Amino acid sequence: MLVFKFGGASVKDAQGVINLGKVISNYRNEQLLVVVSAMGKTTNALEKLTRAYFDGNGDVHNVFEEIKEYHYQILHELFGDHHPVFDEVANNFVEIDWMIEDEPHDDYDFIYDQIVSIGELVSTRIVNAWFNHQNFSSKWIDVRGYIHTDNTYREGVVDWDKTCISIKKDIPALLSKSIVVTQGFLGGTSENFTTTLGREGSDYTASIFASCLGAESVTTWKDVPGILNADPKLFADTVKFEELSYQEAIEMTYYGASVIHPKTIKPLQNANIPLLVKPFMEPTAAGTIIKEGAVNKFKKPVIIVKNNQVLISISAVDYSFISESHLSEIFAAFAKHQVKVNMMQTSALSFSACIDHIPERFERLLSTLKQKFKVKYNNDLKLITLRHYTDVALQDVTAGQSVLVKQTSRNTAQVVVK
Ligand code: ASP
Ligand code: MG
């Protein structure tokens, strides 16, 4: 049994959906579970809608109209003017209409998940309908009844025991009869509210299903030939890895390589399930395989760029040394506001950390820290990580930029630049 994951770029238009049908037609004799993300940039658009609704500014309806238009255009290209899937999609969109008629609930993360999740509900309806239209037998399932999480909205923590029980109970029987199509990125709480697993979380969804079902492999279908040493949109002359160890892949995602969601690999490693990264436009190409016993060959350093970083510097109000008890208070504040530290450094009088700029969380973190500490920060920065770096490569990536912090170990170099 195989698990496939198709990201937003693979279903950004009608041609994309048609191409998915072609990809799966190469696997007619396999049992397939297909995880799909929201179409194109829909998640970003729904984030914008949620923001506008929460802040009470007039954009909400325009943004929503654009999202609907975009999906209906794809539907018309695929199915003409009439097909039962039109009603299914309309039923999903109407949930947003109902929500935005009311005053927003005061928990932004909660509203976010209830609204943003519609992207995946709609995309999977469309893909499932297309598969059936192409005479594959395909069944749509609502992932929120299978992936059970706590109520940490926007970062749902998966209850693995409960999740695996639900998945094992129903899915094998369904797979023996048809393809199963489901939503990436979403989960459900015990009170039947929707959660999301963190941006780009659909890979993680695929990994959860594969691990609970003991799949032969997971394939994530991408718009790149496989895993490259750097983002080809930012760097010329990238090289592709034929294979990578789980360990190296975990390191890469930890530092922010966006090709795979960081939580994806560990469950696969534990169950010894290979992860393939393949180009959806060339389905028979080898791509990259992450597996047990892979030999890592680094012809060039791996370069990972994280944009939109803040460097925050924290010191004691009385200018005393940064002590262990200060650090423990500082870390408690980071944990409380779910702010992940991408890089950190301590000196005699201050502690600095490089973090993603997520405005709501950052504001809350600042107000907690300011009760006890002096806080300074610098935003709009970039964190560049080089694995298996050389001094030349490090000079190259920082050329013409000012370096605020630099940290090197034997294998890894990190620089915060402006
Ligand atoms: N649609 C979600 C996102 O864009 C999840 C995913 O693509 O994996 O973050
Ligand atoms: Mg996506």
Side-chain angles (χ1 to χ4, degrees), residues 3-13 16-17 20 33-51 63 66-67 70-71 74 89 92-93 96 108-109 111-128 142-144 146-147 149 152-158 181-188 194-210 218-224 227 231 233 249 253 256-265 267-268 275-278 280 306-308 338 340 356-358 360-361:
V3 176
F4 283 0
K5 180 261 172 169
F6 290 99
S10 70
V11 287
K12 70 177 191 318
D13 49 25
V17 178
L20 244 63
L33 184 129
V34 178
V35 173
V36 185
S37 306
M39 298 180 127
K41 302 271 178 238
T42 300
T43 304
N44 290 351
L46 288 165
E47 274 187 348
K48 200 167 141 198
L49 186 156
T50 308
R51 219 340 113 204
V63 179
E66 275 175 33
I67 295 170
Y70 166 66
H71 286 86
I74 293 174
V89 167
N92 285 131
F93 281 138
I96 296 186
Y108 178 79
D109 291 350
I111 308 178
Y112 177 104
D113 282 359
Q114 311 319 303
I115 293 181
V116 168
S117 53
I118 302 295
E120 269 72 13
L121 292 168
V122 168
S123 69
T124 48
R125 286 289 186 193
I126 297 174
V127 167
N128 181 64
D142 188 334
V143 79
R144 296 170 296 180
Y146 293 94
I147 296 193
T149 71
T152 315
Y153 295 101
R154 291 181 76 179
E155 201 95 41
V157 177
V158 174
V181 172
T182 198
Q183 304 79 46
F185 181 49
L186 313 186
T194 307
T195 51
T196 60
L197 307 177
R199 285 301 308 262
E200 307 300 328
S202 299
D203 296 339
Y204 183 38
T205 307
S207 154
I208 296 168
F209 275 101
V218 174
T219 305
T220 97
W221 297 92
K222 310 274 312 181
D223 57 359
V224 284
I227 299 186
D231 182 346
K233 291 182 200 107
T253 61
S258 60
V259 63
I260 304 161
H261 187 275
K263 290 183 187 158
T264 309
I265 313 222
L268 298 179
L275 172 63
L276 294 118
V277 178
K278 289 194 188 214
F280 56 74
K306 262 177 160 295
N307 288 313
N308 201 18
Q338 297 171 283
K340 190 177 158 289
D356 295 340
H357 191 205
I358 304 172
E360 316 79 59
R361 293 186 192 175

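When a ligand or atom number is given, it counts from 1 through the structure's own listing order. Everything quoted here is computed from the prediction, not taken from an experiment.
Of all atoms in ligand 1, numbered sequentially from 1 with element shown, those under 4.0 Å from a heavy atom of R199 are 3 (C), 4 (O), 9 (O). Against a heavy-atom cut-off of under 4.0 Å, F185 is close to the following atoms of ligand 1: 2 (C), 5 (C). Listed by atom number, the atoms of ligand 1 under 4.0 Å from E120 heavy atoms are 1 (N), 2 (C), 5 (C). Atom numbering of ligand 1 starts at 1 in the shown order; those under 4.0 Å from a heavy atom of T43 are 1 (N), 2 (C), 3 (C), 4 (O).
Contact between G201 and ligand 1 is present, with at least one heavy atom of the residue lying under 4.0 Å from the ligand. Residue-ligand proximity: H261 is placed with every non-hydrogen atom at 4.0 Å or more from ligand 1.
Ring pair H71/F93 is perpendicular by interplanar angle, where above 60° counts as perpendicular and below 30° as parallel.
Stacking of R51 on the aromatic ring of Y108 is recorded, both the 6.0 Å distance cut-off and the 45° axial limit being met.
Looking at ligand 1, you won't find any N or O of D203 less than 3.5 Å from one of its N or O atoms. Taking only nitrogen or oxygen atoms, main chain and side chain alike, S202 reaches within less than 3.5 Å of ligand 1.
Taking the salt bridge (charged side-chain N to carboxylate O under 4.0 Å, His left out) definition, one finds that K222 meets it with nothing, sequence neighbours left out. Looking at residues two or more places apart in sequence or on another chain, you find no side-chain hydrogen bond (donor to acceptor under 3.5 Å, both in side chains) involving N307.
Side chains of T196 and D113: a donor-acceptor N/O pair is present below 3.5 angstrom, by distance only.
Under 4.0 Å is where a charged nitrogen must lie from a carboxylate oxygen, and between E155 and R361 at least one such pair does.
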